S.K.: 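Please read through the structure below; I'll follow up with questions.
For the numbers below, each heavy atom of this structure counts, side chains included, while hydrogens, waters and symmetry mates do not. Since the structure is predicted, the reported quantities are computational estimates derived from the model, not experimental observations. So you know, we letter chains A, B, ... as the sequences are listed, proteins then strands, and number each from 1.
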Amino acid sequence: MHNVDVLGRVKREIASQLAPQLGVQVERLIAVMEYPPRDQIGDLAIPLPALGVKGQVSLTLNSSYVRSYSQDGPFLNVKLREDAIFREIFSSIGEDYGLDKVERPMRIVVEHTSANPIHPLHIGHLRNAIIGDALVRLTRARGHAVTARFYVNDSGRQVAILIYGLSKLGYPDPPAGEKKDQWAGVIYAMTNIILEIRAISEELKGTTEEEYREKVTKRDELVALAAEIRSRNPPFFDRIAEGIKNEEDPEAKIAEIIRKYEEGDPETRKIVRKYVDMVLDGFRESLGKLRTEFDHFDYESDLLWSGEVRSILRNALSSQARIEYKGTQALDLNRYMDEETRRELRIPEGLEIPPLVLMRADGTTLYTLRDIAYTIRKFVSPKADLVINVIAEQQTVPQIQLRAALYILGYPDLARNLIHYSYSMVTLQGMKMSGRLGRYISLDEVYERVRQAVLEKMKEKGDGEGVDKIVNGAIRYAILSVSADKPITFNIGRVTNFEENSGPYLQYTYVRAYNILSKYGGRIDVNGVSYEDLVNEKRKLLFIIAKFPETFRNAADNLEPELLTSYLRQLSDVFNVWYDKERVIQEPDEGKRMTRLNLVKGVETVLRNGLKVLGIDSLTKM
RNA sequence: GGACCCGUAGCUCAGCCAGGACAGAGCGUAGGCCUUCGGAGCCUAUGGUCCCGGGUUCGAAUCCCGGCGGGUCCGCCA
């Protein structure tokens with residue numbers, strides 16, 4: 001109803017006239033159409049050689065949208081009638097302008113963030129959460145039925161280490177006022193680092209001289225880190241260290257925790273869930289500040305207790321691809337797939353897929369096997385057509401193993417419809433973060449630092465509201481304006497720079513547009529507008545507004561939120577240039593005033609909708 | 001050693017997948033604009049062997065091949 005893609009209609013009309021004359025399909029012609037690099041050239045261009053047409057051709061084009069057309073070398077350039085476009089857009093523009101719905105909605109699952117529940121979220125998870133949430137919002141706005149799911153890895157070695165450390169402390173509760181995930185993170189890092197030092201010291205006993213030197217260096221590094229982490233809570237550290245020192249075989253104890261939890265031992269269940277849920281509370285609190293919410297938190301352990309993992313394991317053990325590998329049962333993922341299948345499953349040609357180990361020698365399960373069960377659940381309950389996993393680049397191979405295993409175990413459709421949305425690392429001034437070693441900048445810390453910068457800025461402005469909305473906008477934009485597969489060195493200075501090319505810049509531009517409209521307060525329609533006013537930035541603005549439906553569709557269908565960020569920035573740039581030059585409300589000529597009011601309304605609508613699908617709030621003052 | 005990702009202005013990045021016209025922003029640096037709808041803004045200047053070498057094409061930052069540089073992975077961790 002209100003979803004008017006005027007430009008799309010214009011393209012189709014032009015294409016349907018020209019296609020027969022050029023002897024090509026209408027769709028093909030629409031596909032090659034592009035926007036000329038400079039306005040003087042025209043509004044639309046068709047590169048004729050791309051359609052197999054060479055040399056000068058004579059074509060007839062007769063449309064109420066077209067002002068003129070001419071061939072310039074290989075291009076057919078078309079100048080459109082801005083009055084016709086303007087009238088069509090603004091006589092039907094609605095609140096939801098541009099957010100075109102798909103004809104056939106899919107059921108989509110986006111799994112994202114899924115951090116281990118053992119330490120607070122850090123800036124690596126921040127990237128994951130923001131990308132994931134933007135994908136949720138984009139696909140939802142496109143009309144799909146989207147579910148956001150968080151996978152709680154509560155049954156692996158990491159959680160067991162945390163619980164082991166807590167056992168040495170007598171299972172304490174975090175002090176009131178302390179954030180629970182921060183508190184647990186310190187205990188986890190302490191326990192882990194003490195265990196690592198102990199392990200490496202053991203290894204030192206029977207090694208050659210060369211290895212010895214290397215390992216001593218590594219141990220010394222760990223000892224230095226241990227001193228650092230000890231300072232966070234010396235009594236805790238000393239008690240854990242003492243407890244581990246007196247332990248005959250800590251690894252056996254950890255293995256026992258894993259085993260008991262997998263078996264569903266009531267006491268172990270109670271303890272593990274208590275602490276895991278504490279950390280998850282911390283996650284929810286942190287993510288809430290960034291307007292990120294989930295529909296489901298799926299506990300890995302539930303898949304074990306329900307028998308879903310066991311059933312997959314049985315299936316795998318009876319598979320023809322089963323092999324023995326280093327004394328374990330594993331799946332051979334190379335032998336039973338042809339080239340064609342590998343291509344379909346997006347597995348690189350030259351990759352020798354490592355065998356998938358199905359379980360540890362002691363019978364406990366491993367992550368990837370459990371993930372097979374989880375993937376099936378994501379597809380089955382509730383039913384999904386497409387599953388998008390937002391997971392770090394480091395897990396590319398395990399994700400390939402997952403798809404290959406699904407195929408081999410008889411779920412080829414699931415394997416095909418499982419997308420690994422990969423993103424690259426976030427480093428910290430060249431330093432790699434490590435939750436394992438307690439070396440990270442937490443999401444909360446980042447949030448707080450950006451918040452301070454926003455408050456600082458507001459102080460100099462005197463007036464303002466919505467601090468948290470601005471912080472959210474700044475952080476989201478900083479992440480979403482960089483393609484996911486580029487590594488980022490996290491730089492707080494960049495995120496707290498609120499000048500052009502930032503989230504707050506877009507929000508500020510929105511405030512300007514909004515305030516013009518709210519001050520005007522009257523009726524805005526297309527009666528009596530003067531079309532001769534549509535020149536320079538105003539004409540440019542009109543065409544940018546016209547491109548919004550197309551940009552949104554591309555961003556949503558290709559899962560590329562960055563298309564939207566750069567589009568909104570460009571819209572803002574043009575609007576701000578114009579804003580400085582001319583008046584809207586104070587324009588004495590009634591026709592011109594109405595033309596401009598329509599454009600402002602267009603900018604306001606597009607910014608609001610565009611920001612919304614990126615998860616950035618629009619403000620009315622700041 | 002193998003696989004994947006990245007390499008565009010002093011710095012941070014769009015553009016590459018679906019090839020098209022003199023390659024776009026921001027930061028920085030130098031200078032300018034507050035009597036008018038909000039200066040988180042606007043204007044001017046500055047700045048590029050699009051990592052290198054071949055190939056395909058009417059046309060290559062974009063596709064292909066070969067290098068170079070950086071990142072990631074190759075665990076009975078996740």
Side-chain angles (χ1 to χ4, degrees), chain A residues 31-32 34 36-38 41 45 47-50 54-55 72-75 77 114-116 153 156-159 161 300 325-330 347-354 357-362 364-368 370-371 391-398 400 422 424-425 427 432 435-436 454 457-458 460-461 463-464 470 478 481-489 491 493-494 497-502 504-509 511-513 515-520 558 560 562-563 565-566 569-570 572-573 576-587 596 600 621-622:
Chain A
V32 303
E34 51 190 55
R38 283 173 304 285
I41 299 174
L48 297 168
K54 300 214 170 148
D72 176 9
F75 297 98
N77 293 320
S114 301
N116 275 321
N153 303 121
R157 186 180 152 79
Q158 260 91 357
V159 166
I161 288 174
E300 206 174 8
Y325 175 74
K326 296 187 187 170
T328 65
Q329 297 299 311
I347 297 171
E349 255 177 75
L351 178 69
E352 178 81 13
I353 312 172
V357 175
L358 296 168
M359 55 180 174
R360 296 191 183 90
D362 69 0
T364 56
T365 57
L366 286 161
Y367 171 81
T368 312
R370 299 191 297 261
D371 207 12
I391 301 182
E393 173 196 22
Q394 285 95 312
Q395 298 212 46
T396 303
V397 172
I400 286 170
S422 162
S424 194
M425 276 220 314
T427 52
K432 214 165 134 182
R436 207 166 51 84
V454 172
K457 182 82 186 172
M458 280 183 161
E460 71 189 52
K461 306 262 310 167
D463 169 38
I470 299 170
S481 56
V482 180
S483 323
D485 49 21
K486 251 175 196 153
I488 302 185
T489 296
N491 177 351
R494 219 185 103 231
N497 171 3
F498 308 136
E499 288 173 17
E500 218 163 322
N501 202 7
S502 74
Y505 168 73
L506 299 185
Q507 290 171 311
Y508 180 74
T509 307
V511 169
R512 284 179 147 183
N515 281 310
I516 292 174
L517 298 177
S518 95
K519 287 204 170 99
Y520 170 70
N558 301 326
E560 287 175 304
E562 66 271 22
L563 291 179
T565 57
S566 63
R569 206 215 69 242
Q570 199 210 342
S572 298
D573 288 350
N576 283 317
V577 170
W578 172 53
Y579 182 94
D580 227 55
K581 279 189 188 164
E582 291 185 342
R583 310 285 89 195
V584 178
I585 306 174
Q586 290 140 352
E587 167 57 44
R596 296 173 191 184
V600 174
K621 59 177 186 175
M622 64 192 279

S.K.: As a test of reading the structure: which of B:A3, B:C42, B:C73 is closest to the side chain of A:Pro348, going by heavy atoms?
M.R.: B:A3
S.K.: OP1 or OP2 of B:A78 sitting under 4.0 Å from any side-chain N/O of A:Tyr367?
M.R.: no
S.K.: So, A:Ser422 versus A:Glu393: side-chain donor-acceptor pair below 3.5 Å or not?
M.R.: no
S.K.: If only side-chain N and O atoms of A:Ser483 are considered, is one of them under 4.0 Å from the OP1 or OP2 phosphate oxygen of B:C17?
M.R.: no
S.K.: Is there a side-chain contact between A:Lys519 and the phosphate of B:G38, meaning an N or O under 4.0 Å from OP1 or OP2?
M.R.: yes
S.K.: At under 4.0 Å, does any side-chain N or O of A:Arg512 touch on OP1 or OP2 of B:G39?
M.R.: yes
S.K.: Regarding A:Asn576 and A:Thr509, is there a side-chain donor-to-acceptor distance under 3.5 Å anywhere?
M.R.: yes
S.K.: Using Watson-Crick or G-U wobble geometry with both distances under 3.5 Å, which nucleotide pairs with B:A25?
M.R.: B:U12
S.K.: Write down the partner of B:G41 under the Watson-Crick or G-U wobble criteria, each distance required to be under 3.5 Å.
M.R.: B:C33
S.K.: Does B:C42 have OP1 or OP2 sitting under 4.0 Å from an N or O in the side chain of A:Tyr505?
M.R.: yes
S.K.: Holding to side-chain hydrogen bond (donor to acceptor under 3.5 Å, both in side chains), I want the full list of residues that pass it with A:Lys486, two or more places apart in sequence or in another chain.
M.R.: none
S.K.: I'd like a list of close polar pairs between nucleotides 6-9 of chain B and the protein, N/O only, cut-off under 3.5 Å.
M.R.:
residue: B:C6; atom: OP1; partner: A:Asp485; partner atom: OD2; Å: 3.4
residue: B:G7; atom: OP1; partner: A:Lys486; partner atom: NZ; Å: 3.2

S.K.: Give each protein N/O atom lying under 3.5 Å from an N/O atom of nucleotides 63-67 of chain B, with the pair distance.
M.R.:
none

S.K.: What is the pairing partner of B:C4, taking Watson-Crick or G-U wobble pairs with both distances under 3.5 Å in any strand?
M.R.: B:G71
S.K.: Is it the case that the side chains of A:Asn497 and A:Tyr505 hold a donor-acceptor pair, with the cut-off being a distance below 3.5 Å and no angle test?
M.R.: no
S.K.: Which one, B:C37, B:C43, B:A78, comes nearest to the side chain of A:Val584?
M.R.: B:C37
S.K.: Establish, from distance only, whether the side-chain atoms of A:Asp362 and A:Thr364 form a donor-acceptor pair under 3.5 Å.
M.R.: yes
S.K.: With a 4.0 Å cutoff (strictly under), does any side-chain N or O of A:Arg583 reach OP1 or OP2 of B:U35?
M.R.: no
S.K.: Going by modelled atom types, is there a donor-acceptor pair between the base of B:A21 and the side chain of A:Asn77 at under 3.5 Å?
M.R.: yes
S.K.: Provide the Watson-Crick or G-U wobble partner of B:U62, both distances under 3.5 Å; none if there is no partner.
M.R.: none
S.K.: Do any N or O atoms of the protein come closer than 3.5 Å to N or O atoms of nucleotides 24-28 of chain B, and which pairs are they?
M.R.:
residue: B:A25; atom: O2'; partner: A:Arg569; partner atom: NE; Å: 3.0
residue: B:A25; atom: O2'; partner: A:Arg569; partner atom: NH2; Å: 3.4
residue: B:G26; atom: OP1; partner: A:Glu500; partner atom: OE2; Å: 3.3
residue: B:G26; atom: O2'; partner: A:Glu500; partner atom: O; Å: 3.2
residue: B:C27; atom: OP1; partner: A:Glu499; partner atom: OE1; Å: 2.8

S.K.: Could you pull out all residues at least two apart from A:Glu582 that satisfy salt bridge (charged side-chain N to carboxylate O under 4.0 Å, His left out)?
M.R.: A:Lys538, A:Arg596
S.K.: Mapping A:Asp362 and A:Leu48 onto RNA chain B by nearest heavy atom, which one lands closer to the 5' end?
M.R.: A:Leu48
S.K.: So which nucleotide from B:U72, B:C42, B:A21 ends up closest to the side chain of A:Asp72?
M.R.: B:A21
S.K.: Who is the Watson-Crick or G-U wobble partner of B:G47, with both distances under 3.5 Å?
M.R.: none
S.K.: When the P atoms of B:C27 and B:C43 are considered, how many whole Å apart are they?
M.R.: 12 Å
S.K.: Here's a test of your reading of the structure: between A:Asn515 and A:Thr365, which maps to the more 5' nucleotide of RNA chain B?
M.R.: A:Asn515
S.K.: Please enumerate all residues that pass side-chain hydrogen bond (donor to acceptor under 3.5 Å, both in side chains) together with A:Arg494, with sequence neighbours excluded.
M.R.: none
